[in-house]
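Before we start, here is the structure in question, set down as structure tokens.
Computation of the quantities below employed the complete heavy-atom set of this structure, encompassing side-chain atoms and omitting hydrogens, waters and symmetry-equivalent molecules.
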Amino acid sequence: MQTTNTATAREESVSPEPATSTTKAITSYKRYKDMVDGIVLTMTAAPKATAKGRAFASPFSVKVTKSADGTPAENIKLTVRYPAAKADGELQYAETTITTTASGTADFTPPVPQSALNGTFTAFPAGDMSDPNIAAAAQLASVTAAFQVRTDLLQAGGCIAIVDISASGTPITTRSDSSSLVLTEMMKKGFVRVGNIDFTREVVSGDRARVYAAAKPMIGGATAFLIYGTVRYEQPIEKTTGGYVCALAADITCLSMKDGSVLCRMTKTARATDAKDSQALTKARADLARQITESVYYGL
């Protein structure tokens, strides 16, 4: 008689494999993406520009609604990012978190600004922004508004030293159309005691220390700031079927005459078309002057 041996099965507990960082990241992203897809952010109010040292008259306000039916979404955490200060002329941003109320709204009143600022207020669903996928989803869901704080130096006095560079690449020393145009635009904005000054070689060098050293004995303590830089052709003026096209680029820095520190810096471009090449150039210079002045107004 044949005997069959029956092995007794032994139960073993098998621990699940630990989740990898990739798995965790995918899970975290999916959770965030599902949340973001279920809501809609709307910028419902943004205050007008204020001045350095003055609080905004009203808060930035964001409303969050449910994608499915448009009803208010309560207790949604939002990250807000806004310009808070400047370092060496560059904007420094700060972040904080706000939460929606039963009406789906969340308000943010910035601290009283201590610098002239020209940046962007941004609000987006809070999450782990170190994950590039979550950061990308947050950007798509975000809402923005202008965040502008005008200078308090309208009456402090200043000088402008902008050098126009010819199409051949040499500085134009007989006149400075761009400086004159910026001066006119600044006066329209309310700046007083501003004027042009000339020290071409130092400006063209782009060396901030040289520029400040040359300007200091000429200006002394009579004015608070110096605006200097160059305006160049991005490319030679071209004749097209629509007329002559002129493209210019400005590289501008604003210094404090107190200590030579950078108040703000900017690069601007302008492109204009006209039936006459000279008019295309004039239009491009005028456009640049308006852009530069706007940045100075919210940058000094």
Side-chain angles (χ1 to χ4, degrees), residues 36 39-65 76-101 103-127 129 134-154 156 182 185-186 188-191 224-225 227 250 252-254 256 261-269 287-300:
V36 168
I39 57 176
V40 176
L41 275 64
T42 305
M43 194 82 213
T44 54
K48 294 181 179 179
T50 187
K52 177 182 173 181
R54 295 182 184 177
F56 281 96
S58 59
F60 291 84
S61 185
V62 180
K63 185 165 187 176
V64 183
T65 54
I76 302 295
K77 292 187 180 299
L78 304 176
T79 297
V80 297
R81 186 170 186 265
Y82 61 98
K86 282 191 297 189
D88 197 27
E90 299 295 328
L91 288 178
Q92 305 294 304
Y93 278 78
E95 291 185 355
T96 192
T97 302
I98 57 178
T99 305
T100 59
T101 63
S103 64
T105 60
D107 292 345
F108 172 69
T109 300
V112 177
Q114 300 304 313
S115 302
L117 303 166
N118 190 16
T120 304
F121 167 89
T122 306
F124 52 89
M129 294 304 123
I134 291 178
Q139 183 176 12
L140 290 175
S142 68
V143 290
T144 62
F147 190 107
Q148 294 181 312
V149 181
R150 61 183 176 272
T151 182
D152 62 348
L153 299 178
L154 292 178
V182 170
E185 291 297 325
M186 288 182 67
K188 290 179 183 177
K189 278 287 192 182
F191 285 91
F225 59 86
I227 300 168
I252 306 296
T253 301
C254 304
S256 165
S261 60
V262 176
L263 297 173
C264 63
R265 56 165 60 95
M266 67 203 77
T267 55
K268 302 291 182 182
T269 59
D287 185 8
L288 272 184
R290 287 188 289 270
Q291 292 184 54
I292 292 168
T293 301
E294 189 74 3
S295 291
V296 167
Y297 189 65
Y298 292 111
L300 283 181

- Have S103 and T101 got a donor and an acceptor in their side chains that come within less than 3.5 Å?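 The answer is yes; a qualifying pair exists.
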
- Between the main-chain N or O of A85 and the side-chain N or O of Q114, is there a donor-acceptor pair closer than 3.5 Å? no

- Query: Step by step, would you call E95 with V80 a side chain to side chain contact (heavy atoms under 4.5 Å, CB included)?
  - Reply: CA-CA 6 Å; E95 291 185 355; V80 297; over 6 Å; no

- Message: When you compare the side chain of F108 with that of T96, does any pair of heavy atoms fall below 4.5 Å?
- Response: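 The answer is yes, as the side chains (C-beta and beyond) meet within the 4.5 Å cut-off.
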
- Has the side chain of K86 got a donor or acceptor atom that lies under 3.5 Å from a matching backbone atom of L263? yes

- Examine distances only and state if a side-chain atom of T105 and a backbone atom of V62 form a donor-acceptor pair shorter than 3.5 Å.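 Not a single qualifying donor-acceptor pair exists.
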
- Task: Using distance alone, with no hydrogens and no angle criterion, decide if T44 and S61 have a side-chain donor and acceptor under 3.5 Å apart.
- Result: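 The answer is yes; a qualifying pair exists.
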
- Between atom CZ of F121 and atom CZ of F60, what is the distance when rounded to the nearest 0.5 Å? 6.0 Å

- Query: Rounded to the nearest 0.5 Å, what separation is found between the OG1 atom of T100 and the CD1 atom of I39?
  - Reply: 8.0 Å

- Taking the side chain as C-beta and beyond, is there a heavy-atom pair between D88 and R265 under 4.5 Å?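 They are in side-chain contact.
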
- List the steps and the verdict of side chain to side chain contact (heavy atoms under 4.5 Å, CB included) for T144 and M43. CA-CA 7 Å; T144 62; M43 194 82 213; over 6 Å; no

- Query: Is the Lys NZ or Arg CZ of R81 less than 6.0 Å from the centre of Y93's six-membered ring, within 45° of the axis?
  - Reply: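 Yes, cation above the ring, under 6.0 Å and within 45°.
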
- Item | Point-to-point distance, once rounded to the nearest 0.5 Å, from OG1 of T151 to OH of Y298 | 11.5 Å

- Item | S115 side chain to K52 side chain, donor-acceptor N/O pair below 3.5 angstrom |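 Result is no, nothing qualifies.
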
- Report yes if the side chains of I227 and I252 come closer than 4.5 Å at any heavy-atom pair, otherwise no. yes

- Query: Are R54 and R150 close enough, and set up right, to give a side chain to side chain contact (heavy atoms under 4.5 Å, CB included), and what steps lead you there?
  - Reply: CA-CA 10 Å; R54 295 182 184 177; R150 61 183 176 272; 4.2 Å; yes

- Query: Does any non-hydrogen side-chain atom of L117 lie less than 4.5 Å from one of Y82?
  - Reply: no

- Which pair of heavy atoms, one from A137 and one from V36, lies closest together, and at what distance? O-CG1, 4.4 Å

- Task: Mind checking the CZ-OG spacing from R290 to S295? Nearest 0.5 Å is all I need.
- Result: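 Taking CZ in R290 and OG in S295, the distance rounds to 13.5 Å.
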
- Side-chain heavy-atom pair T120, F147 within 4.5 angstrom cut-off: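 They are not in side-chain contact.
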
- Query: If we only count heavy atoms from C-beta on, is the N118 to L91 side-chain gap below 4.5 Å?
  - Reply: no

- In sequence, state the C-alpha distance, the side-chain angles, and the governing distance for L154 and F191, and then conclude on side chain to side chain contact (heavy atoms under 4.5 Å, CB included). CA-CA 4 Å; L154 292 178; F191 285 91; 3.7 Å; yes

- Count the heavy atoms of every other residue, nucleotide or ligand shown that sit under 6.0 Å from CD of Q139, and state whether that count exceeds 12.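 Counting other residues, nucleotides and ligands, CD of Q139 stays at 12 neighbours or fewer.
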
